[in-house]
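Everything below concerns the one structure shown next.
These values consider heavy atoms only, across backbone and side chains, with no hydrogens, waters or symmetry-generated copies. To find a chain, count down the sequence lines: A is the first, B the second, and so on, and within it residues start at 1.
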Amino acid sequence: MAGGEPATSGFHFGRARRIKSRREILAVQHGGSRVHTAHFLLILGRGPDTTAASRLGITVTRKVGDSVRRNRVKRVVREAFRLAPAFLPSGVDLLVIAKAGAPTLGLAAVQAEWAAVRGLVERRAREVLARSGPAAAERLTGPPAMTTKPR
RNA sequence: GCAGGGGCCCAGGCGGUCGCCGGUGGCGCGCGAGCCGCGAGGCUCGUUCGUCGCGGGAGGAACGUCCGAGCUCCACAGGGUGAGGUGCCGGGUAACGCCCGGUGCAGGUGACUGCGAGGAGAGUGCCACAGAGAACAGACCGCCGGGCUCGUCGUUCGCGGCGCGCCCGGUAAGGGUGAAACGGCGGGGUAAGAGCCCACCGCGUCGUCGGCAACGACGAUGGCAGGGAAAACCCCACCUGGAGCAAGGCCACAUAGGGAGGCGACGGCGUCGAAAGGCGUCGGAAGGGCGACCCGCCCGGUGCCUCCGGGUAGGCUGCACGAGACCCGUGGCGACGCGGGUCCUAGAGGAAUGAUCGUCACCGCGGCGAGGGCGACCGAGCCGCGGAACAGAACUCGGCGUACGGGCGCCUGCGACC
RNA sequence: AGGCGCGUAGCUCAGUGGUAGAGCACUACCUUGACACGGUAGGGGUCGUUGGUUCAAUCCCAAUCGCGCCUA
């Protein structure tokens with residue numbers, strides 16, 4: 001949306017850019033900052049590697065709709081994330097939790113909803129990176145992943 | 001035309017742009033192994049990632065999880081009891097609680113549809129309220145006969161008729177109650193009545209005939225014996241071993257067997273040996289298993305059980321050629337069977353199969369409207385707006401149930417016209 | 001994948017084949033100067049839905065909808 005040039009090609013989105021395990025999702029949820037929109041709750045958190053491209057995790061509960069509608073929400077959210085590589089700086093992971101009513105949205109509506117909070121998202125992303133700077137550095141020298149504290 | 005019944009089919013098409021999953025082929029970086037070379041290095045194979053190309057990628061219900069199986073493990077899974085399920089007859093099938101064809105009953109004018117439709121001559125229990133009486137019952141009113149008192153009328157003075165009341169008896173026709181009242185209706189019969197007798201109907205039994213059978217038709221006979229309910233317990237017949245792909249198998253990693261408590265059994269024989277002990281054989285405990293219990297049996301043979309503590313939650317496989325799909329022929333009323341040919345058709349794993357734009361078809365509403373009709377009105381075509389359902393594989397099939405958009409021809413009833 | 005349970009008045013629950021109930025809440029009246037408390041009376045129900053069995057169903061049977069729970 002920014003730049004006026006409709007994104008078309010070259011924006012891939014494979015498994016490497018997804019947050020898959022429940023453990024990782026909980027880690028983001030715990031230390032992340034939240035941004036609410038009308039149909040989504042966005043949670044930003046630091047990824048394990050600050051140089052890697054940002055990753056995406058999606059949560060759609062049964063309250064949102066049946067499996068067809070839940071799948072559609074996930075596909076549209078994934079598409080919106082894929083077409084907006086500049087939405088987040090590298091190293092910041094995004095967790096999207098759908099709220100009720102999300103299945104009625106098309107791709108354009110989701111993009112508009114996110115663009116409206118873009119400034120807030122950028123500010124929160126900088127906060128997250130700054131706050132976790134030392135931790136991230138420590139992390140790089142320490143054991144690889146899975147250092148979630150038993151809490 | 002309207003209303004209805006049943007059957008079959010489809011699950012939007014095409015194109016542009018950008019993606020996802022796995023397969024396959026090429027290229028590139030890296031890694032590993034092997035071989036060659038003194039060496040630099042080279043070659044081959046495998047593989048992560050990236051990239052380019054090719055072809056593939058949800059359903060009729062993928063859904064619910066109500067049944068039946070395949071497959072895998074549990075021990076080879078037996079007998080009895082119990083538990084659960086099924087329940088007209090015949091057939092189909094790998095199997096079924098499914099399907100097909102019949103039978104009976106019920107519903108509908110009809111096309112058609114529905115039915116847990118074995119047994120109440122095995123037993124136990126239940127049938128509220130109402131009602132006199134509710135299961136081998138019962139006399140409240142009524143009806144009929146007899147007796148007694150009283151009243152009245154008549155009297156040939158013997159008594160007789162009528163009526164109120166009481167008593168004894170007969171009666172299930174009528175009233176009334178009920179969901180149901182111990183066959184129905186009509187006639188005869190009788191004091192009044194009653195299958196007491198008769199005709200018809202119903203019911204039971206027997207026989208003959210038809211049918212594989214459920215059952216049907218006909219005849220004889222009994223004289224009524226019979227209530228309902230088994231989706232109350234139950235009886236009868238038949239079926240069912242248990243668990244489930246997180247089944248199960250392989251690899252890697254980790255613990256290397258920690259602590260507490262409890263139980264226990266080892267024995268006989270043979271043989272070798274100087275002995276310790278070894279080998280063979282027989283019996284067998286603790287404990288465990290065969291769904292629950294019993295029987296019966298099996299494992300267990302030097303350990304076993306319970307609790308606490310500790311470790312692992314990664315990869316591969318199972319995993320898609322199957323009771324498979326389609327076409328043709330053939331047997332059968334049909335479900336379905338048989339034969340031949342062609343084809344390979346999703347395999348993900350926090351979970352792909354999509355997003356968006358255009359266009360063409362489809363449906364609804366509104367407007368314009370060629371034209372048709374005396375008219376109400378019908379209406380090709382054009383424009384605009386809106387709609388386009390139910391729903392997402394998770395080991396795989398066969399059914400059932402439920403949700404839902406549209407199309408096709410067939411059949412039935414009614415109305416109008418010819 | 002396997003298994004279990006619950007839907008009854010506005011709320012929390014009884015009832016388990018024969019008129020559907022309790023507590024709280026609600027309404028009216030009494031009591032008070034007024035209120036609370038108390039007392040008297042009253043209203044309120046597709047028993048989740050749809051079929052079936054039965055003379056009769058909240059209850060029995062089947063299907064279906066919604067909610068909750070257990071095991072792996």
message: Looking at Arg78(A), I'd like to know whether one of its side-chain N or O atoms comes within less than 4.0 Å of OP1 or OP2 on C18(B).
response: no
- line: Within residues 35-43 of chain A, those residues having any heavy atom closer than 4.0 Å to RNA chain B are none
- line: To the nearest angstrom, the CZ-P distance between Arg70(A) and G350(B) comes to 16 Å
field: Nucleotide forming a Watson-Crick or wobble pair with G364(B), both distances under 3.5 Å
entry: C385(B)
message: For the P atoms, the ones on G68(B) and on G242(B), what distance do you get once it is rounded to whole angstrom?
response: 10 Å
statement: chi for U345(B) classified (syn = within 90 degrees of 0, anti otherwise) as syn
- prompt: Between A352(B) atom P and Arg82(A) atom CZ, what is the distance in whole Å?
  reply: 15 Å
statement: When both distances are under 3.5 Å in a Watson-Crick or G-U wobble arrangement, the nucleotide paired with A285(B) is none
message: Pairing check on G10(C): which nucleotide meets the Watson-Crick or G-U wobble criteria with it, both distances under 3.5 Å?
response: C24(C)
Pair Arg118(A) + Glu122(A): basic N to acidic O under 4.0 Å: yes
message: What is the distance, to the nearest angstrom, from the CD atom on Glu79(A) to the P atom on U353(B)?
response: 10 Å
task: Provide, to the nearest angstrom, the distance between the NZ atom belonging to Lys74(A) and the P atom belonging to C21(B).
output: 15 Å
message: Let's test this: given Watson-Crick or G-U wobble pairing with both distances under 3.5 Å, identify the partner of U64(C).
response: G48(C)
Partner nucleotide of U302(B) by Watson-Crick or wobble geometry (both distances under 3.5 Å): none
message: As a test of the definition: with a 90° window around 0 for syn, would you call G60(B) syn or anti?
response: syn
message: Let's go through Leu83(A) and Gln111(A) carefully: what are the C-alpha distance in whole Å and the side-chain angles of both, what is the deciding distance for side-chain contact (heavy atoms from CB on, under 4.5 Å) to 0.1 Å, and is it a yes or a no?
response: CA-CA 9 Å; Leu83(A) 293 174; Gln111(A) 287 174 324; 3.9 Å; yes
C67(B) to G244(B) separation - P atoms, rounded to the nearest Å: 14 Å
task: Nearest whole angstrom, please: distance from the P of C20(B) to the CG of Leu83(A).
output: 11 Å
field: Watson-Crick or G-U wobble partner of C54(B), both distances under 3.5 Å
entry: G23(B)
- prompt: In Watson-Crick or G-U wobble terms, both distances under 3.5 Å, what is the partner of G38(C)?
  reply: C30(C)
task: Quick one: look up who G28(B) pairs with, Watson-Crick or G-U, both distances under 3.5 Å, and put none if it's unpaired.
output: C49(B)
message: Strictly distance-based, threshold 3.5 Å: is any side-chain N or O of Glu113(A) a donor or acceptor partner for the main-chain N or O of His39(A)?
response: yes
field: C1' atoms of A106(B) and G184(B), separation to the nearest Å
entry: 22 Å
query: Do Leu94(A) and Leu42(A) come close enough that some side-chain heavy atom pair is under 4.5 Å?
result: yes
Asn71(A) side chain to Lys74(A) backbone, donor-acceptor under 3.5 Å: no
Please list, pair by pair, any protein nitrogen or oxygen found under 3.5 Å from a nitrogen or oxygen in nucleotides 390-392 of chain B.
| from | atom 1 | to | atom 2 | distance (Å) |
| --- | --- | --- | --- | --- |
| G392(B) | OP2 | Ser67(A) | OG | 2.8 |
| G392(B) | O5' | Ser67(A) | OG | 3.2 |
| G392(B) | O6 | Arg75(A) | NH1 | 3.3 |

field: Length of the CG-P vector between Leu107(A) and G19(B), whole Å
entry: 14 Å
